[in-house]
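Here the structure comes first, spelled out in structure tokens, and everything after it is commentary.
Keep in mind the model is a prediction, meaning the values are calculated, not measured. Every chain is numbered from 1, with letters handed out A, B, ... down the list of sequences.
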Protein chains: 2
Amino acid sequence: MQRGRQLRPGVTLVRAGEPMAALFVVRSGSAKRYSVTLGGGEQVHGFVLPGEAVGLEGFASGRYTCEVSALEPLSYCRVPIRKLEQLLERLPGLRREILRLLGQALDESQRLRGDLAQSDARGRVAHFLADLSHRLARRGLSPTEFRLSMSRADIARHLGLTLETVSRALGTFKREGWLRVRARDISVLRPDALAALGGGIA
Amino acid sequence: MQRGRQLRPGVTLVRAGEPMAALFVVRSGSAKRYSVTLGGGEQVHGFVLPGEAVGLEGFASGRYTCEVSALEPLSYCRVPIRKLEQLLERLPGLRREILRLLGQALDESQRLRGDLAQSDARGRVAHFLADLSHRLARRGLSPTEFRLSMSRADIARHLGLTLETVSRALGTFKREGWLRVRARDISVLRPDALAALGGGIA
DNA sequence: GGCAAAACTTGATTCATGTCAAGTACTGAT
DNA sequence: ATCAGTACTTGACATGAATCAAGTTTTGCC
């Protein structure tokens with residue numbers, strides 16, 4: 001495992017189509033995962049937060065299938081696949097951990113898709129915020145006070161909305177007293193309300 | 001591996017919340033993967049075709065996270081997890097294969113989510129049909145003549161649409177000469193047109 | 001084969017979100 | 001500190017999909 005590597009904002013960590021030589025784990029900062037569509041637009045698959053892995057979907061074909069680029073100064077570890085395979089040979093615990101990681105990524109992706117498919121614009125934005133909050137909390141960061149490292153346009157492309165609609169949803173949450181929003185700084189005042197709107201599975 | 005098991009239409013193969021005791025591989029027939037939402041509705045995550053695996057997302061927590069029930073008479077193999085772990089110990093090739101399977105499921109889920117987020121109703125339905133066609137072809141079945149084993153309502157819940165909208169989309173494809181539709185029997189006349197509308201990543 | 005229930009299609013209307021457009025507030029550079 | 005460029009907000013309007021409501025076809029059962 002190689003650690004202590006750094007990336008400046010905007011720099012790409014992995015590119016779609018490159019052979020998967022390593023997995024990455026983000027240590028600090030955040031990144032955007034996206035694909036470039038036929039029309040030249042970006043499909044934003046999601047955002048990577050500290051403690052989360054990058055490159056898992058490369059197991060499918062041995063190549064990365066999306067681009068991942070830093071939204072803030074990013075530090076990360078690199079885990080070469082060769083090394084990983086050697087370790088998997090010997091460590092049943094690591095085997096389970098990798099399967100768990102993949103299973104979790106799969107589960108989250110499906111759950112998210114389901115929720116997006118069935119909620120309106122406000123529900124999607126609420127879900128997005130609640131999810132972010134939850135993932136930050138898991139990492140020991142504040143679930144109620146945080147700074148969005150991504151633009152409204154990125155959020156919109158992630159949720160299948162337009163940036164205007166995202167802006168309006170944030171506006172209504174603010175007006176209803178659920179959030180404080182100042183540019184990219186968010187304070188969640190009513191996590192329960194967001195979670196309720198974000199909806200989801202029983 | 002235990003094979004030759006059968007299920008009648010409507011019967012459930014795995015239930016959300018159950019401990020993951022085994023993986024399953026469908027041999028013939030098809031199934032619906034779904035979650036029950038807070039309101040009692042169904043979130044349809046997708047459909048399982050012959051040759052595809054069921055239960056992968058259970059690796060996340062050791063429990064299945066969605067329900068899978070047969071849409072047609074279903075035959076399948078059951079692969080107990082204990083057995084699988086023993087085999088993973090000895091067979092590096094199987095380790096890679098399982099990772100590949102999970103990576104592929106993850107990649108497809110993300111790609112699908114991205115496409116759904118960015119297409120309109122017709123695009124989604126076109127994508128759905130093109131995907132189905134592609135997966136059937138992979139299995140050696142006809143990519144142009146098939147029978148939908150799921151209802152319009154299931155398709156709609158899968159795509160985040162209403163059943164009326166799905167019906168109308170099929171209607172327009174029919175009128176434009178891209179499909180023949182007779183109840184659940186589909187003939188694809190213009191696969192290219194569907195693929196183009198289904199759009200996707202570069 | 002006939003019947004009832006379910007699944008599906010089609011039409012009219014409403015509403016949410018996209019689109020277009022203008023204006024405001026950040027941000028980073030000089 | 002000022003300025004320029006970008007990001008964001010807000011408003012007016014258009015549009016595609018949801019909703020509501022009949023009708024029609026298919027399916028499975030007797």
Side-chain angles (χ1 to χ4, degrees), chain A residues 8-10 32 39 41-44 47 71-73 115-129 147-176 178-186 197 199, chain B residues 8-11 32 39 41-44 47 70-73 115-129 147-176 178-186 197 199:
Chain A
R8 310 228 130 233
K32 170 170 73 163
E42 281 183 11
Q43 256 184 19
V44 177
F47 304 99
L71 290 167
E72 310 170 87
D115 288 344
L116 293 193
Q118 296 194 332
S119 14
D120 61 5
R122 281 161 41 97
R124 293 186 204 189
V125 175
H127 186 279
F128 169 73
L129 291 172
R147 165 163 263 262
L148 298 173
S149 56
M150 67 296 287
S151 69
R152 303 285 193 269
D154 286 336
I155 299 172
R157 283 188 292 259
H158 177 50
L159 300 179
L161 299 171
T162 59
L163 67 93
E164 292 94 332
T165 301
V166 170
S167 181
R168 278 188 249 268
L170 291 174
T172 66
F173 294 159
K174 193 161 121 183
R175 230 169 296 121
E176 291 174 47
W178 300 1
L179 293 181
R180 255 185 304 148
V181 184
R182 212 194 88 97
R184 293 191 176 183
D185 292 308
I186 303 284
L197 237 193
Chain B
R8 312 230 128 232
V11 176
K32 171 170 73 162
E42 280 182 12
Q43 257 184 19
V44 177
F47 304 99
L71 289 167
E72 310 171 88
D115 288 343
L116 293 195
Q118 295 192 333
S119 13
D120 62 4
R122 280 161 41 98
R124 294 186 203 188
V125 175
H127 185 279
F128 169 74
L129 290 172
R147 163 162 266 261
L148 298 174
S149 57
M150 68 294 289
S151 70
R152 303 286 193 267
D154 285 336
I155 298 172
R157 281 187 294 258
H158 177 50
L159 300 177
L161 300 169
T162 59
L163 66 93
E164 291 95 330
T165 301
V166 170
S167 181
R168 277 188 251 267
L170 291 173
T172 66
F173 294 158
K174 193 161 122 184
R175 230 168 297 122
E176 290 172 47
W178 299 1
L179 292 181
R180 256 186 303 148
V181 182
R182 213 195 88 93
R184 295 191 174 183
D185 292 308
I186 303 284
L197 237 195

Let me know, please, whether Arg147(B) or Thr162(B) comes out on the 5' side of the other along DNA chain D by nearest nucleotide. Thr162(B)
When we call it a touch if two heavy atoms are under 4.0 Å apart, what does Arg168(A) touch: a base, just sugar-phosphate, or nothing? base
For the helix from dG1(C)-dC30(D) to dT30(C)-dA1(D), how many degrees between its two end axes (five pairs per end), to the nearest 10°? 60°
Which part of the nucleic acid, if any, lies within reach of Ser167(B) when heavy atoms closer than 4.0 Å are counted: base, sugar-phosphate only, or nothing? base
Tightest non-hydrogen contact, residues Thr162(B) and Ala156(B), listed as C-CB, 3.4 Å
Would Glu42(B) and Lys32(B) pass as an ion pair if we require N to O under 4.0 Å? yes
Apply the side-chain contact (heavy atoms from CB on, under 4.5 Å) test between Trp178(B) and each candidate in Leu197(B), Leu129(B), Thr172(B); give the one that qualifies. Leu197(B)
Measure from the side chain of Glu164(B), starting at C-beta and using heavy atoms only, and say which of dT10(C), dG18(C), dA7(C) lies closest. dT10(C)
Need two values: the first and the last nucleotide of DNA chain D, 5' to 3', having an atom under 4.0 Å from any heavy-atom of chain B. dA17(D) to dT27(D)
Side chains of Leu116(A) and Leu116(B): closer than 4.5 Å at any heavy-atom pair? no
OP1 or OP2 of dA6(C) less than 4.0 angstrom from a side-chain nitrogen or oxygen of Arg152(B), does that happen here? no
Mind running side chain to side chain contact (heavy atoms under 4.5 Å, CB included) on Val166(B) and Phe128(B) for me, showing each step along the way? CA-CA 11 Å; Val166(B) 170; Phe128(B) 169 74; over 6 Å; no
Which heavy atom of Leu71(A) sits nearest a heavy atom of Met150(A), and at what distance? CD1-CB, 4.0 Å
